[in-house]
Structures are given as C-alpha cells and as structure tokens.
Participant: 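Have a look at this one before I ask anything.
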There are 2 protein chains.
Amino acid sequence: MLKDMRLEQLNILVPEMKSFLSLRYRVLRNLYYFQPVGRRLLARYLSETERVLRKELDLLKKQGLVKVSRGGMELTPEGMNIVLNMRPYLHKLLGLTDLEEKLKGLLQVKEVIVVSGDMEVEQAVRYEVGRAGAQALCQSLRDNVVIAFSGGTTCAAVAEMMPFISEYKGLKVVPARGGLGEEIHYQANSIAARVAEKLHCSYRLLHLPDSLAEETLQALLQDPKIVEVLEVINSAQILVHGIGTAREMALRRGAGGEEIKNLLEKGAVGEIFGVFFNCEGEVVGQVPSLGLYLENLNTTLKNIIVVAGGKRKAEAIAAILRNHPRDLLVTDEGAAREIIRLCGGERDKEAHSCKY
Amino acid sequence: MLKDMRLEQLNILVPEMKSFLSLRYRVLRNLYYFQPVGRRLLARYLSETERVLRKELDLLKKQGLVKVSRGGMELTPEGMNIVLNMRPYLHKLLGLTDLEEKLKGLLQVKEVIVVSGDMEVEQAVRYEVGRAGAQALCQSLRDNVVIAFSGGTTCAAVAEMMPFISEYKGLKVVPARGGLGEEIHYQANSIAARVAEKLHCSYRLLHLPDSLAEETLQALLQDPKIVEVLEVINSAQILVHGIGTAREMALRRGAGGEEIKNLLEKGAVGEIFGVFFNCEGEVVGQVPSLGLYLENLNTTLKNIIVVAGGKRKAEAIAAILRNHPRDLLVTDEGAAREIIRLCGGERDKEAHSCKY
DNA sequence: AAAAAGCAGGACAAAAAAAGTCCCGTCCTG
DNA sequence: CAGGACGGGACTTTTTTTGTCCTGCTTTTT
C-alpha cells in the first residue's frame with residue numbers, strides 16, 4: 001500500500017519513465033523469446049525502427065544486460081534475471097493492475113490478467129498471454145478433470161507455454177469443437193493433443209470435415225464414436241477458449257462472401273468456436289459443427305478461461321464478456337485499454353503515448 | 001531487501017531516471033523553501049539556466065505539483081506531499097544510502113547522513129543538511145544536557161531548522177569557542193542563542209574581542225565570569241560543529257597574508273572552531289581564542305555531530321574525520337562523492353552526470 | 001567449397017527536441 | 001506611480017534523435 005504510493009509518486013515525478021521502461025522491457029522480452037537474434041529481425045518483432053532499437057540495445061549493452069554473440073544478441077544472466085523477476089514489478093508500475101480492476105468492473109469476469117504490450121504490435125505478447133493463461137490453467141487443475149480447448153493462435157500459445165506436468169491423474173483434454181477450417185497448427189484438435197502431451201494425459205479428438213452441411217451433421221450424430229467424444233467434451237469442467245473478431249473469423253472459416261455480409265448485417269462482432277455474437281452478446285450465427293453445447297458453459301463447466309488480446313479484438317471481447325460470465329480473462333494492454341475506451345466512455349487519461 | 005533489488009533493477013533499466021528525479025526533486029525542494037518565487041530567481045537558486053528550469057516547471061505544472069500564483073510559483077498540496085514524503089525513497093533511489101555506507105568505511109564516524117545535492121550549487125541543500133542535523137540533535141537530547149555549538153553557515157542552518165521544543169528540562173546551550181571574527185549571524189554565540197530559543201532553555205555566551213593576542217588571553221582567563229562560562233562549555237555532552245577549508249577560514253578569520261601562507265605551508269587543509277589540521281589530521285595552527293579544550297572531544301563529550309557539505313570541503317572533512325572519531329556526520333552528496341573519490345581511490349562509476 | 005543470409009557497427013543527412021536569449025504586458029510593492 | 005519581479009511568447013542556435021544505407025564479418029545453407 002505504501003509502496004504503491006511511492007511508485008505512483010515516482011510516476012508523477014518522472015512520467016517518461018513508463019515509456020522507457022516498457023520499451024526496454026519489451027526489447028529484453030523479445031530477446032528472451034528469440035535469442036540469439038539480430039537487430040533487424042528484432043526490430044520487426046517489436047514494430048520499432050532499426051535505429052531506435054539500436055540506441056536501446058547500446059544502452060542495454062552498456063548496462064550489461066545484453067551481449068553480442070556469433071548468432072546475434074543474447075541476454076546476459078543479469079538480463080535474464082531482469083526479464084524473469086521484473087514482471088510483477090512492471091505490472092504495478094505500468095498501471096496494469098489498475099487496468100485489471102477496471103476490466104473487472106466493466107466485464108462479467110471474476111479475474112483479469114493484463115499483460116503489457118499489444119500482440120498485434122509485438123508477437124512476444126502472445127507468448128506472454130499464453131504463459132499467463134497456462135499458469136492459470138495449471139492452478140485450476142485437479143485429478144480427473146476434462147479440459148476443453150478451442151482453436152486459435154492464442155490458445156496455441158497457451159498450449160505451447162504449458163509446462164510438462166505429471167502431477168495429476170485422470171486428466172483428459174478435448175477440443176471444444178470439431179474442425180473449423182483453421183490452419184492445422186491452430187486447430188482445436190492439434191492444441192488439445194499438444195496440451196495432453198504437456199500434461200502426460202489422454203485426449204480425445206473430434207475429426208470432422210471442414211465445412212458441414214446440416215444433413216451431414218445429422219448423419220455424423222449417428223456415429224457412436226463421435227457421440228461418445230461429444231459426451232466427453234460436454235462433461236468438461238475446464239474450458240480455455242480464444243475470441244475472434246467476426247470479420248476475420250468469418251473469412252478464415254471459409255464462409256462465402258454472401259454469408260459474411262449476412263453475418264455482419266446481423267451485427268456480428270465476435271466469435272468463439274464457430275458461434276457469432278453481436279455487440280449485445282446475442283448469438284447471431286453459427287458455423288455448422290459439433291462440440292460443446294452452449295448451455296454447458298453455464299452448467300457443467302466450472303472454470304472458463306478466456307485468452308485473447310490485440311487492440312482489434314477489443315470490441316469482440318467486450319461484446320462477449322459483457323454478457324457472458326467467465327472466470328478468467330487473460331488479455332494484453334492493447335486490448336485492455338481499448339475495451340476501457342469503448343465501454344467506459346471515460347477517456348483513459350493515463351494512457352501513455354508510447355507504442356507499448 | 002527485495003524492494004531494494006527492484007529499485008536497483010529499475011535503476012539499471014532506466015539509468016536516466018536518476019537525473020530526472022533529482023532535478024525535479026531539487027526544483028520542488030527549492031520551491032518548498034522559497035515559495036512563492038519566480039522562474040529567474042529559482043534558476044539562480046538551483047544553478048540551472050532559466051530555460052531548462054522552465055521545461056521542468058511546465059512539466060511539474062502539468063503534473064499538478066506546481067501552480068502559479070500572484071507572487072510567482074508555489075507547490076500545490078500534492079507537490080508539498082511529494083517533497084515531504086519522497087525524501088526517504090529518493091534516498092535509496094539516488095544511491096545515498098550506499099554513499100553513507102562507503103563513508104562509514106572510510107571515516108571514523110558511527111553514523112553518516114548524506115543529503116542529495118551540493119550546497120555550493122544549491123542553497124537549499126544547506127537547509128536540508130541543517131534539517132537532518134537538527135533532527136539528529138533532537139533525538140540525542142536528554143534532560144540536563146549542555147549543548148555546544150560552533151559557528152558557520154551550516155551550523156546556523158541547523159539552528160534555524162530546529163523545531164521549537166520544550167520537552168526537556170535543564171538544557172543549556174553554549175558556543176564552542178568565543179568570537180572568531182565571523183559575520184554576526186553565523187557566530188557561535190548567535191547560534192547558541194538561537195538554539196536556546198528553539199529549545200526554550202538557558203544559554204551562556206562567550207563574548208570575546210575578535211583577535212586576541214596571547215597576553216590578552218591570559219588576562220581574560222583571570223575573569224571569574226569567563227572562567228565560569230568556560231567550565232560550562234567544557235562540561236558539554238553534545239557538540240555540533242561545522243568544518244571549514246583552511247584557506248577560506250584563514251581568510252575569513254582575518255589572519256594576515258603572511259600567516260595564511262604559513263598555515264598552508266604547514267599543510268593545513270581543514271579547520272574546526274579556530275583549530276587548523278593538516279591532511280593527516282594533526283593540529284598545525286590555531287587562532288588564539290578560548291572555549292572547548294580539544295581533549296574534551298574524547299572525554300566529556302558523548303555525542304559529536306559534524307555538519308558540513310559542499311564539494312570544496314571534501315578534503316577538509318576527510319582530513320579531520322579520518323583521524324578523529326565522531327558520532328555523526330551530516331553532509332551532502334557533493335562532498336560525499338568527492339570524499340570517496342579522494343579517499344577511495346576507486347573511481348565512482350555510479351556518479352551520474354547530472355548536476356545533482 | 002561456394003553461396004546466401006544474417007549479423008554488428010560505421011557513416012551521414014534529415015528531423016526533432018532542447019537550450020540560450022530577448023522581449024513583452026502584467027501585477028505587486030514601495 | 002515607478003521599479004522590479006512575475007509568467008509566458010518568440011526566435012535562433014545547438015544538440016540529440018532518427019531514418020537510411022553501406023561494409024566487412026560470421027554462420028548457415030546449398
């Protein structure tokens with residue numbers, strides 16, 4: 001409490017510190033994920049120009065946090081130490097804790113975790129969101145739990161950042177929905193398999209053709225194997241899902257031009273595993289598929305974790321989470337600030353001008 | 001401990017913070033002492049150019065710490081709050097605690113307090129040293145204690161910053177030495193009187209002519225009144241004294257050109273109440289006067305507080321305190337860094353380039 | 001073994017920020 | 001009512017930052 005006041009005073013007296021700090025931490029963070037790496041490539045990762053990055057790197061080298069090696073630049077042990085230990089400190093210093101509180105007030109979520117940066121600007125942020133999501137997931141694991149995963153790059157990041165664990169018995173991982181025409185690596189099936197690998201547990205997959213007509217669907221429901229998998233899916237107690245913007249998802253999931261238009265005209269802004277919502281949180285469309293029943297989100301599921309970030313997704317996140325209760329939202333600063341701007345109406349005076 | 005590490009990491013990651021922070025705090029601090037005051041005058045107090053000060057003031061205004069009023073600029077309540085509450089925080093942040101530890105190792109002092117800034121550059125620093133000294137003095141007060149004060153601007157600052165107290169009984173304040181030819185306001189006699197006023201206690205003064213021949217001295221020692229005062233002085237348990245550079249003191253105390261040369265040839269670098277020391281801490285000269293016997297510094301005196309600052313005094317402080325034990329040294333950053341540079345031999349890599 | 005790609009760091013002009021300097025109209029004080 | 005100190009505007013000069021391209025080196029790929 002007292003410490004917070006001091007940090008706040010520091011922020012008042014040296015307001016430029018936030019930009020410096022977040023830029024430099026971003027550099028270190030990217031170095032952490034991609035080392036060894038060169039200046040140019042790093043600049044791309046960070047969406048910064050080569051020159052400003054160079055200045056920062058010179059300073060970080062001078063401070064002994066970064067060293068050059070054959071393949072490019074790397075963190076020194078001190079640099080590594082800072083990346084790993086400073087996170088919670090930055091969290092308060094950059095005002096992320098405040099953002100979390102505001103989001104809790106605006107959305108129907110019990111807990112919120114905001115990661116600094118914007119995954120649209122900086123890839124590493126997706127990893128950080130994934131890391132935070134993975135950590136949260138680990139904490140809610142118990143014996144004999146069924147975990148459902150949706151698809152998407154952010155969920156894939158969660159899977160990737162999961163540690164290897166063999167602490168629990170009887171875990172089972174399943175995809176939340178069948179094939180939805182995404183790239184193989186980001187499909188719910190692949191992700192479920194990857195998570196199961198990390199948890200050393202079993203998994204069930206739901207292999208469906210990409211686009212399903214209504215009649216095919218009915219036919220598939222006759223298949224006892226599929227029905228069995230569906231039963232497992234719908235007995236899940238934990239669900240981890242991402243959120244997509246209606247436009248991008250409709251495109252990616254191969255809906256024809258006509259269909260997209262239709263969806264958007266109905267006011268679709270957000271999507272989760274093939275179901276489209278308008279800004280009131282009402283279902284306005286659905287990709288024909290099989291998997292989790294929406295009703296179960298409020299009944300059998302005990303723990304729903306949402307992972308989604310990036311400024312562009314703010315509207316979608318807000319639309320869905322304002323109307324549908326969730327247990328945890330893991331997002332990034334870009335999305336968080338935009339959500340607050342959209343919902344709050346109150347302008348975010350504190351938003352610092354730097355590019356996260 | 002953990003918090004310190006975080007601060008250190010912050011310092012590593014944003015090294016320019018120190019300059020920003022100390023400059024801005026200096027501005028606020030001067031505003032605190034001199035408000036309401038204009039930009040030009042303030043620039044003089046801070047030894048900064050008008051333009052840089054203006055930039056800082058604009059920022060501080062934007063941050064709501066400073067407001068303009070008829071007579072110039074003033075602190076807002078928030079600004080006041082920061083000046084008063086941030087001191088201990090800055091202390092760690094600017095590395096003053098480290099300086100204190102180093103000085104303890106280099107000098108024969110039990111405790112050291114280093115105030116940020118340099119009193120040669122910024123007058124307010126003298127007040128801050130005075131404030132710290134006054135606070136320390138207050139803490140060592142007990143009933144029936146005799147306090148001896150030397151002269152000098154810094155001791156005067158201690159007197160000025162003393163709070164009004166009537167908590168103790170039987171206090172008595174005396175000058176450490178008789179008139180040594182300083183300006184009235186900074187004479188030991190005036191200071192003693194002022195302190196007594198603050199402590200609501202009695203005082204005894206030692207009014208002597210400015211320059212004394214040896215024979216006059218002997219004559220004065222026959223005067224029972226003077227002898228009585230001397231006895232009180234030499235029963236003091238607490239002594240607060242400043243330190244002067246040999247050159248300046250010799251000049252100020254009206255020693256003739258020849259005499260000065262003589263003193264300096266003997267290697268005199270420092271002075272305390274009329275006694276000159278070389279860099280080994282040996283007495284090499286003395287202005288004829290009456291007052292505290294040097295031997296008492298090690299016997300009857302329980303608590304000797306030294307207040308002195310400014311880069312130029314570093315040599316004098318080091319010369320005396322390396323060889324004569326003291327209980328507390330209150331100094332400023334300018335002197336502290338210079339002392340470490342002089343004594344340590346090890347270069348002070350950490351010294352930031354800003355003008356304190 | 002040759003070629004391609006990625007690397008750090010040098011160089012330099014353009015742009016932006018900071019700093020130095022002078023000025024003006026105003027408000028208070030003596 | 002005159003003088004001085006006030007904040008703030010304006011302008012030039014200086015310094016710093018930024019964008020961009022190049023060079024020679026090392027590593028990886030072919």
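Naming convention: chains lettered A, B, ... in sequence-line order (proteins, then strands); numbering from 1 in each chain.
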Participant: Contacts to DNA chain C from residues 60-83 of chain A, heavy-atom cutoff under 4.0 Å, which residues?
Facilitator: Lys61(A), Gly71(A), Gly72(A), Met73(A)
Participant: Pairs under 3.5 angstrom only: tabulate donor-acceptor contacts from the side chains of residues 76-88 of chain A to other protein residues two or more places apart or in another chain.
Facilitator:
unit_1	atom_1	unit_2	atom_2	d
Thr76(A)	OG1	Gly64(A)	O	2.7
Thr76(A)	OG1	Leu65(A)	O	3.2
Thr76(A)	OG1	Glu78(A)	N	3.4
Thr76(A)	OG1	Glu78(A)	OE1	3.1
Thr76(A)	OG1	Gly79(A)	N	3.1
Asn81(A)	OD1	Asn85(A)	ND2	2.3
Asn85(A)	ND2	Asn81(A)	O	3.3
Arg87(A)	NH1	Glu128(A)	OE1	2.7
Arg87(A)	NH1	Glu128(A)	OE2	3.1

Participant: Rounded to the nearest angstrom, tell me the gap between atom CD in Glu16(B) and atom P in dT16(D).
Facilitator: 14 Å
Participant: Let me check the geometry of the helix from dA1(C)-dT30(D) to dG30(C)-dC1(D). What is the bend angle between the axes at its two ends, five pairs each, to 10°?
Facilitator: 20°
Participant: Sequence neighbours left out, what passes salt bridge (Lys or Arg N to Asp or Glu O under 4.0 Å) with Glu160(A)? Give chain and number order.
Facilitator: Arg194(A)
Participant: Write down the distance between CZ (Phe20(A)) and P (dT16(D)), rounded to a whole number of angstrom.
Facilitator: 14 Å
Participant: Between atom NZ of Lys311(A) and atom CD1 of Ile317(A), what is the distance when rounded to the nearest 0.5 Å?
Facilitator: 13.5 Å
Participant: For residues Arg312(A) and Thr245(A), is any side-chain donor paired with an opposing acceptor at under 3.5 Å?
Facilitator: no
Participant: Could you state the atom-to-atom distance from CD of Gln35(A) to P of dC7(C) in whole Å?
Facilitator: 13 Å
Participant: In terms of ring plane angle, is the pair Tyr127(A) and Tyr33(A) parallel, tilted or perpendicular, where the classes change at 30° and 60°?
Facilitator: perpendicular
Participant: If you measure from the Lys or Arg side-chain nitrogens to the Asp or Glu carboxylate oxygens, is any gap between Lys313(B) and Glu248(B) under 4.0 Å?
Facilitator: no
Participant: In whole angstrom, give the distance that lies between atom CG of Leu53(B) and atom C1' of dA18(C).
Facilitator: 14 Å
Participant: From the options Asp58(A), Asn30(A), Val27(A), select the one residue that forms a side chain to side chain contact (heavy atoms under 4.5 Å, CB included) with Leu53(A).
Facilitator: Val27(A)
Participant: Quick one: ring pair (Phe, Tyr, Trp, His ring centres under 6.0 Å) partners of Tyr25(B), sequence neighbours excluded?
Facilitator: none
Participant: How many whole angstroms separate atom CG of Leu41(B) from atom C1' of dG4(D)?
Facilitator: 12 Å
Participant: Are any of the side-chain heavy atoms of Ile113(B) and Glu100(B) separated by less than 4.5 Å?
Facilitator: yes
Participant: Tabulate protein N/O versus nucleotide N/O from nucleotides 17-21 of chain D, keeping only pairs under 3.5 Å, one per line.
Facilitator:
unit_1	atom_1	unit_2	atom_2	d
dT18(D)	OP2	Lys55(A)	NZ	3.2
dG19(D)	OP2	Thr49(A)	OG1	2.3
dG19(D)	O6	Arg51(A)	NE	3.0

Participant: Parallel, tilted or perpendicular: which fits the ring planes of Phe164(B) and His200(B), with parallel below 30° and perpendicular above 60°?
Facilitator: tilted
Participant: Taking the side chain as every heavy atom from C-beta outward, state whether Val158(B) and Val129(B) have any pair of such atoms under 4.5 Å apart.
Facilitator: no
